[in-house]
Amino acid sequence: MSSSTVITNIATLVTNSPSLGDGSPLGLIQDAAVVIEGDRVAWTGESSKAPATDNRVDAGGRTVLPGFVDSHSHLVFAGDRTQEFNARMSGRSYTAGGIRTTVAATRAATDEELEANLTRYLAEALRQGTTTFETKSGYGLTVADEARALRIAAAHTDEVTYLGAHIVPPDFADDPAAYVSLVTGEMLDACAPHARWIDVFCEKGAFDGDQARAILTAGKARGLHPRIHANQLSYGPGVQLAVELDAASADHCTHLTDADVDALANGDTVATLLPGAEFSTRAEWPDARRLLDAGVTVALSTDCNPGSSFTSSVPFCIALAVRDMGMTPDEAVWSATAGGAAALRRTDIGRLTPGAYADLIALDAPSHVHLAYRPGVPLVTDVWRRGVRQG
């Protein structure tokens, strides 16, 4: 029999359920409590109405909110790109070419080295409140290297994405069609058993719309659901292709036409914005306000990778989104929790309602607004994942 625990004396509880508390999208409850049974939330409400439990934890007047859902990261890699970042900050513009540096280092690394790197960044993210994460392959670009990256990732998360179509590797530079055939054939066969998702970098210098459609369609035929790196560096077909193929998420969405925004607003594809990439490349910010005002579901994620966004901090991305992308603090917090869950087509995370996983974080602050109000400050004091308080 699992024991029950009540966390009480919560100044503000973010439930992400409009049916609770103040009726806002965040479902805010003041002077609140949460009851955990096993790995699930059993009850939320006002402290004075909390049921009896086996254990009691005093939140000390802190804010409690769902654990962050980081629905876009690239954590199976080796090597370092400090020199590239340093050069870019000295005036060189960013292109996708830097990925090849990481591919070479990743191919040369052992399984043990790759897993040690992965677990290091997962622990770093967990300390900052990330309780669910998606991660991708894409730095191997051979059958064996892509498959081992996914095997390693699958030992740590169910949200694993096959990204053999990250770039065309140097060994196929003269025959990209042959590489697409590999990605949709032998590589897909080796990788599909270890992944839930398939992704493609649809961009000039990577894969065009026709190639992306072929790759994602092949993945769907093998039971993998699409997500797309879309419209990051330039206008292109990625966003509308995402909606056409019912992709769970179109990620980046920096350069959008009115038709792109309309497609997202009228489809089920989430627009996942990745402000760490714009911060680290000095690129144009995505216009979150435009998307939100059109009724698009927006997620916020880190895009943690060694080249264009080497941050595992969702709070940092929340602060950027509020400061530079037109989001309110409430919208940014929702997008980093419930929005991330929507980008993974999950309803059991990203909210604190009965039946959801007991993934929650406490802030040393009276309000969730402090995540944007106090940028760079380590406000996360406690993390619970699947009902277990993390050390």
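- Put simply, the residue from L363, V377, V322, V314 that forms a side chain to side chain contact (heavy atoms under 4.5 Å, CB included) with L371 is L363.
- In this structure, D70 has no salt bridge (charged side-chain N to carboxylate O under 4.0 Å, His left out) partners at least two apart in sequence or on a different chain.
- Residues meeting the side chain to side chain contact (heavy atoms under 4.5 Å, CB included) test with F310, sequence neighbours left out: F77, Y121, C304.
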Donor-acceptor pairs under 3.5 Å, side chain of residues 34-43 to any protein atom, not counting sequence neighbours: which ones?
unit_1 : atom_1 : unit_2 : atom_2 : d
R40    : NH1    : G355   : O      : 2.9
R40    : NH2    : Y357   : OH     : 3.3

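- For E159, the salt bridge (charged side-chain N to carboxylate O under 4.0 Å, His left out) partners at least two apart in sequence or on another chain are R196, R346.
- Among residue pairs with one or both ends in residues 267-277, those qualifying as side-chain hydrogen bond (donor to acceptor under 3.5 Å, both in side chains) are S249-T272; sequence neighbours excluded.
- Inspection of the Q232 and T254 side chains reveals no N or O donor paired with an N or O acceptor under 3.5 Å.
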Side-chain donor-acceptor pairs of residues 184-192 under 3.5 Å, sequence neighbours excluded:
unit_1 : atom_1 : unit_2 : atom_2 : d
T184   : OG1    : V180   : O      : 2.8
T184   : OG1    : S181   : O      : 3.3
D189   : OD1    : R222   : NH1    : 2.5

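- For residues 58-69, there are no salt bridge (Lys or Arg N to Asp or Glu O under 4.0 Å) pairs, not counting sequence neighbours.
- Side-chain contact of S17 with S19: a donor-acceptor pair under 3.5 Å is present, judged by distance alone.
- Here the options are I215, V200, V183, the test is side chain to side chain contact (heavy atoms under 4.5 Å, CB included), and the partner is Y162; only V183 passes.
- Taking the six-membered ring for Trp and the full ring otherwise, the centers of F68 and F133 sit at least 6.0 Å from each other.
- Under the rule for a salt bridge (charged side-chain N to carboxylate O under 4.0 Å, His left out), the partners of D111 that lie at least two apart in sequence or sit in another chain are R148.
- V103 and G140 make their closest contact through CG1-O, 3.8 Å (heavy atoms, listed as atom of the first residue, atom of the second, distance).
- In terms of the ring-ring contact (aromatic ring centres under 6.0 Å, His included) criterion, residue partners of H252 (sequence neighbours excluded) are, by chain and number, H72, H229.
- Applying the ring-ring contact (aromatic ring centres under 6.0 Å, His included) rule to H370 yields the partners Y373; only residues at least two apart in sequence or on another chain are considered.
- Listed by chain and number, the hydrophobic cluster partners of F85 are M89, where partners are ILVMFWY side chains within reach of under 4.5 Å, directly or through others.
- Remark: D246 engages R345 in a salt bridge (charged side-chain N to carboxylate O under 4.0 Å, His left out) (not counting sequence neighbours).
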